[in-house]
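Quantities reported herein were computed from a predicted structural model and do not represent experimental measurements. Per chain, numbering begins at 1; letters A, B, ... match sequence-line order.
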There are 2 protein chains.
Amino acid sequence: MPRATQKIQTISQECGDCPIRHRAVCARCESDELNLLEQIKYYRSFEAGQTVVWAGDKMDFVASVVTGIATLSQTMEDGRRQMVGLLLPSDFAGRPGRETSAYDVTAATDLVMCCFRKKPFEELMLRTPHIGQRLLEMTLDELDAAREWMLLLGRKTAREKIASLICIIARRDASLQLNATDAELRFDLPLTREAMSEYLGLTLETVSRQVSALRKEGLIITEGKRQIVIPDFDRLLEETGDDSDGGFLV
Amino acid sequence: MPRATQKIQTISQECGDCPIRHRAVCARCESDELNLLEQIKYYRSFEAGQTVVWAGDKMDFVASVVTGIATLSQTMEDGRRQMVGLLLPSDFAGRPGRETSAYDVTAATDLVMCCFRKKPFEELMLRTPHIGQRLLEMTLDELDAAREWMLLLGRKTAREKIASLICIIARRDASLQLNATDAELRFDLPLTREAMSEYLGLTLETVSRQVSALRKEGLIITEGKRQIVIPDFDRLLEETGDDSDGGFLV
DNA sequence: CATCTGATTTGATCTGTATCAAGGTGTTTC
DNA sequence: GAAACACCTTGATACAGATCAAATCAGATG
């Protein structure tokens, strides 16, 4: 079993006959709540590059990613941008009790979200505590991820940042797709160089250079546009600067 | 009313006859729950510099800061350190459902914490949903703060980082002390240069230089060891790079 | 009061990443 | 299949912040 899949409990398992097959609300579901959820849910699709909401805009729903990738970003007056959230399938977006979005939400790839109108969702939360409990767990996970990310932004070198990002995506990819085999890891890097630079707090040129460096050293193999192969996950891990034991959260 | 105190709702208000006078659990309290909380709470004191728990150590309590300042930090193998949490009075530490601490928790100043043994606290959470709701709110606030912090780490210059940190502490200080007047802001900077550098992802020399620069330009006045005066908060705010409207969270 | 200690400041130099600029690659469009 | 476009790579240079080193300051201690 490759290192990437250790310690990862499957998060996208289907949940009995729950029609909502992603992490947000499917855990421990009971039929009456599900009926209520069913009634207030609807799907929205976005093309890669489209903006879901702008920071400051009204956001009258909460949502969970069904397929594709969404990003949360902050922008400074002069245009400097920092990504602050990366939402993969089953991740949750939106804050109960807040009227407007605090971040730009953007579709990094083609994207389908399952939305719940906020008002009824909040009412449902009040009535069914375990939805709130689930949300608390997820928020705590996100907070841990944010803190790992802070270490990356504050203290890692460009090379370590790139290696870290590739490992993070490989891991999360592996945990989503249950076809994880003993073979080398192969997956889609679904971010442009620019998106990567916004994630890592670098310029896109530096990202490009460091990716090239890792490729030249054989730590990663790029196939075609976005496909990445990691021949030896442990060796790449050593480049991240992380504790080798790597007790990764989420 | 100085800018720093706008938009800040008082968070340390006493809560009727609630004996627990800090934010963690005092909101919306009812007497029977309080009795239960009373039974499982105890206080612990630490001297400045002492470690509360090391990352990876067993942590069988959750706690809220009563007085003083605690920090959460991550350390890399080679010793690089990044602060990932700054806990002021009324802030909460510890994660229900986790056995060990994910971070080093350190007393930045002399510190008193109000601790709740984890097991009974978790049981209480199950029985009284609004404690969980309160915790969810607080966790969401922390996540927002972490994301603001990520922008700082990823995209701000050293000068902007220093200005931001001073504003953040001034604001939080102002919201804790209800003596906020129209006069200039005066407060204690309770962090060493090293702690500031760990917060900001800089070296301590760079912190020192930039603080000196702001002092020479009259944006801040330092009195004695740690006292800071901000003669014109708005002018300092302009140096942070933040949106002038500054919709600051917590 | 002298000394010791830890924290801070300041200086000189080095380096990793940003910046500016040009060229390359693959894909879509007509 | 040529042109247009978006995305990516590579090169040359500049600069912010790191690093190494030394001096200064403020309390604490005897």
Side-chain angles (χ1 to χ4, degrees), chain A residues 47-50 76 78-82 106-110 152-166 188-217 220 222-228 239 241, chain B residues 47-50 76 78-82 106 108-110 152-166 188-217 220-228 239 241:
Chain A
E47 286 175 22
Q50 260 191 298
M76 295 172 68
D78 60 5
R80 280 175 280 175
R81 274 172 74 85
Q82 175 64 51
T106 311
T109 63
D110 290 346
L152 177 147
L153 289 171
R155 294 299 183 195
K156 289 190 179 180
T157 65
R159 181 186 175 88
E160 288 168 341
K161 286 177 176 183
I162 298 287
S164 299
L165 175 56
I166 294 175
D188 244 40
L189 216 186
L191 302 176
T192 63
R193 295 288 180 259
E194 188 179 25
M196 291 173 71
S197 75
E198 284 176 13
Y199 185 111
L200 299 171
L202 298 169
T203 60
L204 104 192
E205 292 96 328
T206 298
V207 170
S208 180
R209 275 185 248 272
Q210 297 294 340
V211 170
S212 297
L214 293 180
R215 174 162 26 77
K216 279 169 191 156
E217 295 173 35
I220 58 173
T222 55
E223 295 191 346
K225 194 75 175 167
R226 295 269 175 83
Q227 190 104 161
I228 286 206
E239 301 295 329
Chain B
E47 286 175 23
Q50 259 192 299
M76 293 171 69
D78 60 4
R80 280 176 281 175
R81 274 172 75 84
Q82 175 64 51
T106 311
T109 64
D110 290 346
L152 177 147
L153 290 170
R155 294 301 183 194
K156 289 189 178 179
T157 64
R159 180 185 175 89
E160 288 168 341
K161 286 178 175 181
I162 299 287
S164 298
L165 176 56
I166 294 175
D188 244 38
L189 216 184
L191 302 176
T192 63
R193 295 286 180 259
E194 189 179 25
M196 290 174 72
S197 76
E198 283 176 14
Y199 185 110
L200 299 170
L202 298 170
T203 59
L204 104 191
E205 294 96 327
T206 299
V207 170
S208 180
R209 275 184 247 275
Q210 296 294 340
V211 170
S212 297
L214 293 181
R215 174 161 26 76
K216 279 169 191 155
E217 295 172 36
I220 59 173
I221 301 162
T222 55
E223 294 189 347
K225 194 74 175 166
R226 294 271 174 84
Q227 190 105 160
I228 286 206
E239 301 297 327

Atom-to-atom span, CD of Q227(A) to P of dC8(D) - whole angstrom: 15 Å
Sugar-phosphate, base or nothing in reach of G49(B), heavy atoms under 4.0 Å: nothing
E160(A) vs M76(B) side-chain heavy atoms within contact, under 4.5 Å: yes
Verdict with supporting geometry, E223(B) and I228(B), side chain to side chain contact (heavy atoms under 4.5 Å, CB included): CA-CA 6 Å; E223(B) 294 189 347; I228(B) 286 206; over 6 Å; no
Atom-pair distance (CG on D78(B); C1' on dA18(D)), nearest Å: 14 Å
D110(A) (side chain) donor-acceptor with E47(A) (main chain) under 3.5 angstrom: no
Side chain of A158(B) - closest among dT10(D), dG17(D), dT8(C): dG17(D)
Residues which pass side chain to side chain donor-acceptor pair (under 3.5 Å) with Q82(A), listed by chain and number, not counting sequence neighbours: none
V211(B) side chain near I220(B) side chain, heavy-atom distance below 4.5 Å: yes
Base-contact (B) and sugar-phosphate-only (S) positions in nucleotides 19-30 of chain C, heavy-atom cut-off under 4.0 Å, - elsewhere: BB----------
Partners meeting side chain to side chain donor-acceptor pair (under 3.5 Å) with R226(A) (sequence neighbours left out): none
Any S212(A) side-chain nitrogen or oxygen under 4.0 Å from OP1 or OP2 of dT10(D): yes
Rounded distance (Å) that lies between atom C1' of dT10(D) and atom CG of L204(A): 12 Å
Any donor-acceptor pair under 3.5 Å from R155(A) side chain to R80(B) backbone: no
Candidate nucleotides dT9(C), dA18(D), dC8(D), ranked by approach to the side chain of R215(B) - the nearest: dT9(C)
Sugar-phosphate, base or nothing in reach of S208(A), heavy atoms under 4.0 Å: base
K156(A) NZ - dG16(C) P separation (whole Å): 18 Å
Atom-to-atom span, CD of E198(A) to P of dA18(C) - whole angstrom: 13 Å
Euclidean distance, atom CZ of residue R80(A) to atom P of dA18(C) [Å, nearest integer]: 13 Å
Given DNA chain D, 5'-ward residue of the pair L191(A) and R155(A), judged by closest heavy atom: L191(A)
Between C1' of dT10(D) and CD of Q210(A), the distance in whole Å: 13 Å
Atom pair distance, as rounded to whole Å: CD in E194(A) and P in dC8(D): 9 Å
Phosphate-side-chain proximity, R193(A) and dA6(D), N/O vs OP1/OP2 below 4.0 Å: no
